[in-house]
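Data block below; observations after.
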Amino acid sequence: LFALFFNRCCRNNSGLQTIKLNLTNSVFLSIYTVRQTSRLLVCFCLIFCLRLRMEGGKPSLALVYQAVQALYHDPNPAGKERASVWLGELQRSMYAWEISDQLLQLKQDVESCYFAAQTMKVKIQTSFYELPPETHNSLRDSLLTHIQNLKDLSPIIVTQLALAIADLALQMASWKGCVHTLIEKYNNDISSMPFLIEILTVLPEEVHSRSLRIGANRRTEIIEDLAYYSSTVVTLLTTCVQKTGNDEKMLIKVFRCLGSWFNLGVLDSNFMASNQLLMVLFQVLQRDETSTNLHEAASDCVCSALYAIENVETNMALALQLFQGVLTLETAYHMAVAREDLDKVLNYCRIFTELCETFLETTVRSPGQGMGDLRTLELLLICAGHPQYEVVEISFNFWYRLGEHLYKINDAALHTIFRPYIQRLLHCLARHCQLDPDHEGIPEDTDDFGEFRMRVSDLVKDVIFLVGSMECFSQLYSTLKEGNPPWEVTEAVLFIMAAIAKSVDPENNSTLSEVLQQVVLLPENVHMAVRYTSIELVGEMSEVVDRNPRFLDPVLNYLMKGLREKPLASAAAKAIHNICSVCRDHMAQHFQGLLDIARSLDSFALSTEAAVGLLKGTALVLARLPLEKIAECLSDLCAVQVMALKKLLAEQSRNGKSADPTVWLDRLAVIFRHTNPIVENGQTHPCQKVIQEIWPVLSETLNTHQADNRIVERCCRCLRFAVRCVGKGSASLLQPLVTQMVSVYQVYPHSCFLYLGSILVDEYGMEEGCRQGLLDMLQALCMPTFQLLEQPNGLRNHPDTVDDLFRLATRFVQRSPVTLLSSSIIVHIIQCAIAATSLDHRDANCSVMKFVRDLIHTGVANDHEEDFEVRKQLIGQAMEQHGQQLVTQLMHSCCFCLPPYTLPDVAEVLWEVMMFDRPTFCRWLENALKGLPKETSGGAVTVTHKQLTDFHKQVTSAEECKQVCWAIREFTRLYR
């Protein structure tokens with residue numbers, strides 16, 4: 001079967017005859033291995049032949065159609081995957097334009113037409129530069145013909161073609177007044193109205209699409225053009241509604257289109273305030289019989305309109321109409337509640353929330369007056385009273401913002417006005433946090449309701465200042481103290497109390513003391529969820545325990561009971577961790593008890609996080625013990641983990657089976673990380689001996705698992721904290737550790753070795769006797785690293801390696817710049833850094849920019865060190881060799897590769913280059929700007945000569961780095 005397919009391909013393409021000979025053995029070996037799976041073999045052969053056809057020239061329509069059929073109908077997932085890969089390659093080829101056009105003309109079926117329409121859209125978005133300008137008009141005419149011919153085949157095809165037309169219009173500078181052209185061409189044909197409205201819907205949406213890099217100049221031109229024709233579009237939509245009456249599908253299209261134009265912010269608010277469409281919108285929302293889909297479309301449109309008028313003063317007429325219109329929807333909301341129509345209830349709540357967000361500043365500035373009418377808050381509180389928690393959750397962002405505004409203003413009179421609303425909100429939230437009465441076990445943290453409760457906890461913390469933490473805490477406690485509420489009410493009240501406990505002043509607070517006293521006396525027969533939440537509350541009240549040490553013993557006894565019960569163990573461990581963190585001095589007397597818990601950690605049913613947290617708390621207390629006791633106690637604390645690692649290594653050597661040591665490595669790491677005793681100069685670090693004793697076990701573990709990146713990372717993390725723990729006291733480990741790191745890295749280039757190397761440089765880089773050894777380590781680590789990064793897409797495929805390499809290089813610059821700058825490796829590191837400046841990865845790019853910035857800064861900052869002149873000379877040599885390339889690459893990366901959040905880092909690098917040698921930098925920047933494209937492939941002006949000269953002047957005359965950053969932000973918008 002394979003031979004038939006392959007020979008046919010080869011007969012039709014003589015260029016493949018040589019490939020046939022070279023591939024015969026490997027291909028038939030593959031066939032042999034899958035001979036029992038005939039369907040997989042057929043698929044393999046077909047896709048292999050399709051791939052050969054692609055490489056040999058344009059594939060036939062029949063082959064493309066076969067691949068599309070395989071993508072949608074092959075029952076074998078592997079077949080679908082191969083078809084998807086091949087079609088993806090086709091979409092990236094030049095042939096995609098012609099083949100897509102032909103498939104759309106054939107109109108064979110929905111699948112092939114959808115693939116063709118989507119391909120057209122993708123090609124226009126990403127590869128428009130492939131087409132010569134003289135083909136743009138014919139492409140436009142062809143797309144308009146296709147959308148007209150295919151308008152009845154499938155809505156998704158119409159949407160894809162509409163997007164293709166919109167993206168073409170945005171990039172094709174010669175297509176002037178596209179909105180006017182389209183409306184004039186199709187507005188008299190009622191059958192063309194659906195696809196015309198679809199184009200007019202997606203056109204404003206695509207203006208700010210990240211898929212199109214049309215630049216700020218073209219975008220401004222388009223927005224001005226769309227604003228000019230916006231009233232024409234609204235008039236068309238109004239006429240359409242009048243002609244089609246109550247046609248639901250058409251109304252949905254009209255509302256979506258109107259919302260899209262509102263979102264772009266180009267509609268004239270005075271024109272819209274008196275437009276009939278606004279009245280239709282609210283009529284649809286007020287009608288009880290409105291369908292769900294139409295209701296959602298109308299709600300989306302109103303929300304878009306409210307968002308568009310956020311600057312209320314400049315849109316007063318429309319703001320008033322929307323304000324009054326939304327207030328009329330309260331009755332409709334109650335009707336939806338009565339009919340238990342949750343979809344409509346959620347839509348109304350979205351509208352009410354958007355109303356409150358839009359008029360937030362007006363409400364705070366003039367509460368109860370005009371459009372600061374507090375009925376808007378009443379609407380949200382009505383929604384908060386709905387039994388479904390999803391409804392109130394919609395409004396959370398508004399309450400956050402309200403709290404933030406009032407906190408900044410800090411006006412007692414305003415707080416008094418809004419306090420009752422926040423009190424009612426808190427009451428509703430406490431009710432929504434109640435578990436079901438028939439709930440068994442502890443509250444779930446990871447399901448939707450658990451996440452909702454976490455969001456409630458965050459919101460309560462943000463707005464509690466308006467009510468008063470102590471007042472609220474006391475009121476909540478009184479509901480438990482004076483009444484006898486059901487368990488689910490008790491649990492919810494305790495949950496809210498836990499959220500605000502830390503914000504209550506613990507100093508001489510009798511209520512807090514009473515609450516703590518009563519909680520630890522809770523009987524064991526209360527509901528498990530109540531006990532769970534009470535344990536969380538105790539953990540949050542650790543400040544109270546610290547101020548009242550008499551509670552420490554009863555609290556610890558209470559938490560120990562919880563630790564022994566499986567459902568409560570992790571919560572109790574977290575609470576003990578909190579107590580240890582806050583009450584370190586008081587807990588020193590209980591260290592033996594903590595050590596006993598740590599020794600039998602696995603006898604408790606703890607999550608990994610909770611177990612590590614307990615060890616962290618223990619280590620924090622350990623650091624407060626007398627220095628002479630720390631070594632012995634640390635050894636005891638580490639012994640369990642070390643013994644476990646030794647046991648795993650022994651089993652590995654005995655039976656060859658490898659067991660996962662990460663649990664024990666993580667536990668050791670957290671112990672080293674948080675054991676930070678105060679050691680005076682000249683004193684031997686109490687942890688030094690323990691870490692020297694543990695080193696052989698860590699070394700052997702690293703060797704045993706050197707091929708496993710995850711385990712090696714944990715080993716390096718553990719060693720990192722061990723080195724940090726004892727600082728210079730780890731000197732005896734330096735040589736064996738570096739030797740092992742370099743040895744393993746040559747075979748398995750795990751990036752964590754580079755990070756660990758940066759820690760060693762940070763600790764020992766200023767020690768004269770260590771510098772050469774550390775430089776040798778750097779050079780040894782760099783060779784395999786460069787080989788890895790020089791592979792095709794090496795930088796993009798290994799961002800962690802890039803990140804850690806330049807962390808290591810930066811540490812060298814900070815600790816021993818002359819050592820690095822005088823070495824032969826610096827040239828290669830700088831070249832790698834310049835190449836990596838275009839890498840779109842947050843951490844990696846940040847490390848690269850920091851390295852370059854710090855490197856140049858060593859030649860700028862005269863810190864009165866003896867080696868400043870040497871540094872300056874060495875940096876001068878490096879800049880003379882690489883400066884122009886660096887500036888050119890940075891400008892190219894800013895404009896075409898990097899997201900906006902990276903620009904401050906780029907600005908810092910350019911600033912340092914300028915500070916080092918301003919006249920030369922001016923020349924480098926000018927050359928870099930000359931190399932940037934001035935026009936798009938669609939013929940639009942990307943950047944004018946004046947914009948280039950203005951940018952050059954802004955940067956080169958800047959007196960602060962932030963001025964460079966602002967200039968780059970504005971300039972790069974021209975290319976986005």
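Using a distance-only test at 3.5 Å, with no hydrogens or angles considered, no donor-acceptor pair links the side chain of Y532 to the main chain of A572. Looking at S570, its side chain does come within 3.5 Å of a backbone N or O of S607 through a donor-acceptor pair. The closest donor-acceptor contact from the side chain of S534 to the backbone of V530 lies under 3.5 Å. For S469 (side chain) and F465 (main-chain N/O), no donor-acceptor pair under 3.5 Å exists by modelled atom type. A donor-acceptor contact shorter than 3.5 Å is absent between the side chain of S457 and the backbone of R453. E632 contributes no side-chain N or O that, together with a main-chain N or O of E628, makes up a donor-acceptor pair within less than 3.5 Å. For R714 (side chain) and D666 (main-chain N/O), no donor-acceptor pair under 3.5 Å exists by modelled atom type. Using a distance-only test at 3.5 Å, with no hydrogens or angles considered, a donor-acceptor pair links the side chain of T353 to the main chain of C349. T675 places a side-chain N or O within donor-acceptor distance of the main-chain N or O of I671, the cut-off being under 3.5 Å. At distances below 3.5 Å, at least one donor-acceptor pair connects side-chain atoms of H405 with backbone N or O atoms of R401.
With contacts defined as side-chain heavy-atom distances shorter than 4.5 Å, the pair F672/C638 qualifies. The shortest side-chain heavy-atom distance between P686 and V679 falls under the 4.5 Å cut-off. Residues L516 and Y558 fail the side-chain proximity criterion, which asks for heavy atoms closer than 4.5 Å. Contact of the I630 side chain with the V690 side chain is not registered, since no non-hydrogen atoms from C-beta on lie closer than 4.5 Å. At least one side-chain heavy atom of L435 sits under 4.5 Å from a side-chain heavy atom of W487. Side-chain contact between E488 and D436 is absent, with no heavy atoms from C-beta onward closer than 4.5 Å. Within the 4.5 Å cutoff, side-chain heavy atoms of L512 are placed close to those of F473. Residues T701 and L649 are in side-chain contact: their nearest non-hydrogen atoms beyond the backbone lie under 4.5 Å apart.
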May I have the step-by-step check of side-chain contact (heavy atoms from CB on, under 4.5 Å) for L601 and R667, ending in yes or no? CA-CA 11 Å; L601 209 54; R667 291 180 182 180; 3.9 Å; yes
Determine whether L402 and Y421 satisfy the following criterion, side-chain contact (heavy atoms from CB on, under 4.5 Å), listing intermediate values before the conclusion. CA-CA 11 Å; L402 176 63; Y421 295 95; over 6 Å; no
Give the C-alpha distance, both sets of side-chain angles, the deciding distance and a yes or no for side-chain contact (heavy atoms from CB on, under 4.5 Å) between L476 and L480. CA-CA 7 Å; L476 289 167; L480 301 179; over 6 Å; no
Go through I394 and F352 one step at a time and tell me if the side-chain contact (heavy atoms from CB on, under 4.5 Å) criterion holds. CA-CA 10 Å; I394 291 171; F352 298 156; over 6 Å; no
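Side-chain N/O atoms of D553 and H590 include a donor and acceptor closer than 3.5 Å. In this structure, a donor-acceptor pair under 3.5 Å is present between the side chains of Y477 and E514. Side-chain atoms of D800 and S751 form no donor-acceptor pair, as typed in the model, at a separation below 3.5 Å.
By the 4.0 Å N-to-carboxylate-O rule, E763 lies close enough to R724 to be salt-bridged with it. With respect to R599 and D596, a salt bridge is recorded, a charged nitrogen being found less than 4.0 Å from a carboxylate O. One finds no salt bridge joining E524 and R564 here, because no Lys/Arg side-chain nitrogen approaches an Asp/Glu carboxylate oxygen to under 4.0 Å. In summary, K502 and E543 do not engage in a salt bridge, as defined by a charged side-chain N under 4.0 Å from a carboxylate O. Using a cut-off of 4.0 Å between Lys/Arg side-chain N and Asp/Glu carboxylate O, K850 and D905 are scored as not salt-bridged. No salt bridge links E713 with R717; every basic N to acidic carboxylate O contact stays at or beyond 4.0 Å.
In this structure S758 satisfies the side-chain hydrogen bond (donor to acceptor under 3.5 Å, both in side chains) test with no other residue, sequence neighbours excluded. A search for side-chain hydrogen bond (donor to acceptor under 3.5 Å, both in side chains) contacts involving R431 returns nothing, not counting sequence neighbours. Legend: residues meeting side-chain contact (heavy atoms from CB on, under 4.5 Å) with N548, ordered by chain and number and at least two apart, are S513, V544, R550, F551.
To the nearest 0.5 angstrom, K561 atom NZ is 12.0 Å from L568 atom CG. Atom CD in Q475 sits 10.0 Å away from atom CE in M470 (nearest 0.5 Å). The distance from the CG atom of L756 to the SG atom of C718 is 10.5 Å, given to the nearest 0.5 Å. For the atom pair L719 CG and L737 CG, the distance stands at 5.5 Å (nearest 0.5 Å). Remark: L537 CG to I496 CD1 distance equals 11.5 Å, nearest 0.5 Å. With rounding to the nearest 0.5 Å, the separation of SG in C725 from CZ in R673 is 12.5 Å.
The cationic atom of R807 (NZ for Lys, CZ for Arg) does not lie both less than 6.0 Å from the six-membered ring centre of Y755 and within 45° of the ring axis.
The aromatic rings of H432 and F452 sit perpendicular to each other, their planes meeting at more than 60°, with 30° as the lower class boundary.
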